[in-house]
Amino acid sequence: MVKVISDSTCDLSQEVLKRYDIDIIPLHILKGDEELEDGPEVDIPALYDWADANKTTPKTSAPSFDTVMKIMEPYIKEGRELVCFSISEEMSTSANVMRMVASELDAEDKITVIDSRNLSTGIGLLVVEAAIMAAEGAGRDEIKAKIDELIPKVRASFVVDTLVYLHRGGRCSAVSALLGGALALHPMIVVKDGKMDATKKYRGKIDKVIVKYATDLEEAMKNALPERVFITHSTCDPVIVDEVRDYIKSLGVFSEIIETRAGGVVSSHCGPGTLGVLFISK
């Protein structure tokens with residue numbers, strides 16, 4: 001059976017990873033001189049405290065060659081084939097490290113590396129689809145062909161409480177142009193063609209903004225694949241998350257609504273109070 005692996009930016013919960021037998025390759029987070037591996041043990045509020053105290057953003061970097069090797073090699077020795085997902089190559093060299101390891105293992109005919117062209121559970125949606133196919137006995141080529149079809153159909157967006165983190169991280173060029181506006185400006189950030197862009201702009205308190213953002217996605221959600229939708233957030237008020245979940249549930253579209261917390265890498269760049277609703281279009 002094909003083994004599905006993703007880098008840690010897929011932001012899937014431990015429960016989902018276990019359910020679908022998915023392995024994770026951690027990216028790295030640099031907090032001054034301290035280096036952390038991205039994962040559930042990262043203290044996200046402490047990251048924000050450090051960032052605000054130092055008026056900077058934690059640096060993030062691709063997984064190390066040795067880390068990727070440690071995760072992939074045992075499966076290759078078992079004779080398994082791998083499908084490995086990375087965050088968009090516009091944002092990280094994670095996919096390239098995976099390819100280098102595949103070459104080092106002389107296993108390029110057994111390892112398929114997929115550039116998700118996305119981030120967070122925009123990747124996670126694809127990873128879960130691949131894992132389901134693998135469990136049903138699909139081969140690497142069949143999985144890749146299906147994922148290639150789905151990549152442009154992933155709808156990944158989020159709204160941020162503050163523009164500061166995106167601006168510091170420099171991952172979204174459109175944010176700089178918005179900084180001169182009112183402090184209460186909350187753009188919708190959309191991932192398209194592997195990059196982030198700021199689209200619709202909301203004003204007001206973040207709780208009202210997030211609910212309005214979710215309702216603005218109604219038509220798109222009604223045209224989504226019905227299996228699952230993710231609500232992914234970074235230290236967002238649980239009351240707001242529940243309100244978004246209740247609204248999505250009221251639409252009667254999705255079989256499963258999965259809440260996940262953004263990991264250390266995604267949280268570092270998006271900042272606290274960020275929430276996204278992510279799904280795959282039909």
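Worth saying up front: this structure is predicted, and the values here are computed from it rather than measured. Numbering starts at 1 and runs along the sequence shown.
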Undergrad: What distance separates L275 CG from D237 CG, expressed to the nearest 0.5 Å?
TA: 10.5 Å
Undergrad: Just one of L105, D7, I25 clears the side-chain contact (heavy atoms from CB on, under 4.5 Å) bar with V68, so which one?
TA: I25
Undergrad: Is there a donor-acceptor pair closer than 3.5 Å between any side-chain N or O of H28 and the backbone N or O of E37?
TA: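 Absent.
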Undergrad: Has D106 got more than 12 heavy atoms of other residues, nucleotides or ligands less than 6.0 Å from its CG?
TA: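 Open: at most 12 neighbouring heavy atoms sit under 6.0 Å from CG of D106.
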Undergrad: Using the side-chain contact (heavy atoms from CB on, under 4.5 Å) definition, which of the options D23, I111, I114, I71 pairs with C84?
TA: I111
Undergrad: With no hydrogens and no angle check, is any side-chain donor or acceptor of T274 less than 3.5 Å from a backbone partner on G271?
TA: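 Yes: the side chain of T274 pairs with the backbone of G271.
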Undergrad: Listing request: all ring pair (Phe, Tyr, Trp, His ring centres under 6.0 Å) pairs with a residue in residues 32-73, at least two apart in sequence or in separate chains.
TA: Y48-Y165
Undergrad: Charged N to carboxylate O under 4.0 angstrom, K144 versus D141?
TA: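 No, no charged N to carboxylate O under 4.0 Å.
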Undergrad: If we ignore angles and hydrogens, is there a donor and acceptor under 3.5 Å between the side chains of T260 and T232?
TA: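 Judged by distance alone, the side chains do pair up.
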Undergrad: Name all pairs fulfilling the side-chain hydrogen bond (donor to acceptor under 3.5 Å, both in side chains) condition that reach into residues 249-258, sequence neighbours left out, sorted by first residue then second.
TA: R19-E256
Undergrad: Compute whether any side-chain donor of one residue and acceptor of the other, for E81 and Y75, lie under 3.5 angstrom apart.
TA: no
Undergrad: Keeping the roles fixed (side chain from K59, backbone from G32), state whether a donor-acceptor pair exists under 3.5 Å.
TA: no
Undergrad: With distance as the sole test, does S116 use its side chain to make a donor-acceptor pair with the main-chain N or O of F85 at under 3.5 Å?
TA: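 No; zero donor-acceptor contacts below 3.5 Å.
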